[in-house]
Amino acid sequence: MIARLSLTVALIALVIGAFISAPALAQQPLKIGLILPMTGPFASTGRQADAAVKLYIAEHGDVVAGRKIEVLLRDDANAPETTKRYAQELITNDHVEILAGFGLTPLAYAAAPVATAAKVPMIVMCAGTVNVPEKSPYIIRTSFTLPQNTAPIAVWAAKHGIKKVFTMVAEYAPGIDAETTFLNVFKAEGGQIVGSVRVPMQNPDYAPFVQRAKDAKPDALFVFVPSGEGAAVMKQFAERGLAQAGIKLIGTGDVVDDDILDSMGDPAIGTITSFHYSADHPSAENKAYVAASEKANPGMRPNFMSVGGWDGMMLIYEVLKKTNGSADGDKFLAAAEGMSLIGPQGKFTIDPKARDIIQDVYIRETKRVNGHLYNVEFDRIPNVQHNGKY
Ligand code: PHB
């Protein structure tokens, strides 16, 4: 009798417990630690991604799968040790369940071991070196990769009468990715490389490198510099008269970044780049995106870093809907792998093996449209993988 009574009590306790714990989890806020360079030379990347995260929440509400989303923004000022410290503090002290952001590759590298140790999903919204997701099994990328954005322009150049190219890249991991991809693909297409330089990241002075490019008399100069640096390259390209010497400017779209493109003026016109996003992309989704973004952030045109932030938040929301609000690392990753979504750039898919983004890449020409500079897309290469294969 006593045994039966205690069994009944235990069962009642179990039932009550189940009722309490389900809504309790649902009502617990879900904190996301967003780490970005909000100050320093790459502050534009942080501003763009943060604004997109805010816009996504404003448009979709701050509750998903019953959980209130709270974003804790931290400024790492492009210092990897600061990124790592914030990642640790956000997890240990603030109990964030997801890490996001990562404006440059060294910052993503620094946070990766923290995500691995804590088994916390880490959404890379900005960095582009191809091996970033290999640094932690909890990384998913919604930005782009350098091989993805470089291979198409190498093929396009070889097929459009460009026989000799000089390459100039920023001297760090994404620059090496861009250089390696361009050299391999362009040579495989029958092209010739007449010189390659890597410009140091610390206070870069492009003048001597652009002069060396001019002296090598190529048909085109291929450039990769990270977002924010394009205007300085364009200034040297113009001052040293490369266009007058018959040298075309080609590159990944980072050099004609929408955030600063309009300030570059006429020297940017005619630049041919391959890239996954242009603010001029003529889809209904993108028109609405640019309009909403410019309304929320007067004077700022959304660029590819914005799109990485938006797509990253969309991925978080859609995954949480599938996991009923759980951000458990293994469950989150399993739900995200293979997911296809539509962002401002068009459809993208998370490659289930590489945990990386597959998306269309466009060939674009910088033109003046209604008085403003835009990268106008004229060719599309569908479903380019993280490794540049399509
Ligand atoms: C990177 O550091 O991975 C990075 C940053 C800015 C870019 C591209 C790549 O425009």
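Whatever order the structure lists ligands and atoms in, that order sets their numbers, starting from 1. As the structure is a computational prediction, the values presented were derived from the model and not from experiment.
The closest heavy-atom contact to atom 5 (C) of ligand 1, among the options F275, F42, Y172, comes from Y172. Around atom 9 (C) of ligand 1, the closest heavy atom drawn from F224, Y109, F102 belongs to F224.
Residue P226 has at least one heavy-atom neighbour below 4.0 Å for each of these atoms of ligand 1: 5 (C), 6 (C), 7 (C), 10 (O). Atoms of ligand 1 lying under 4.0 Å from at least one heavy atom of D254, given by number and element, are 7 (C), 8 (C), 10 (O). Using a 4.0 Å cut-off to heavy atoms of F304, the atoms of ligand 1 that qualify are 10 (O). Applying the 4.0 Å criterion to heavy atoms of P174 picks out, from ligand 1, the atoms 1 (C), 2 (O), 3 (O). Applying the 4.0 Å criterion to heavy atoms of A127 picks out, from ligand 1, the atoms 3 (O).
Side-chain contact between T349 and I357: absent, with no pair of heavy atoms (C-beta onward) separated by less than 4.5 Å. Proximity of V225 to V199: side-chain heavy atoms (C-beta onward) are nowhere separated by under 4.5 Å. A 4.5 Å side-chain heavy-atom check between D356 and T145 finds at least one atom pair inside the cut-off.
Annotation: salt bridge (charged side-chain N to carboxylate O under 4.0 Å, His left out) contacts of R301 (sequence neighbours excluded): D258.
Of all the heavy atoms of T105, the ones lying under 4.0 Å from any atom of ligand 1 are found in both the backbone and the side chain. Contacts between S227 and ligand 1 below 4.0 angstrom, taking non-hydrogen atoms only, involve backbone and side chain alike.
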Pairs of donor and acceptor atoms involving the side chains of residues 263-271, under 3.5 Å and at least two apart or interchain, shall be tabulated with distances.
| from | atom 1 | to | atom 2 | distance (Å) |
| --- | --- | --- | --- | --- |
| S263 | OG | I260 | O | 2.6 |
| D266 | OD1 | R368 | NH2 | 2.9 |
| T271 | OG1 | A268 | O | 2.7 |

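With ring centers used as reference points, F304 lies under 6.0 Å from F144.
At under 3.5 Å, a nitrogen or oxygen of G128, whether backbone or side chain, sits near a nitrogen or oxygen of ligand 1.
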Step-by-step side-chain hydrogen bond (donor to acceptor under 3.5 Å, both in side chains) determination, E229 to Y206: CA-CA 10 Å; E229 286 294 305; Y206 297 104; 2.6 Å; yes
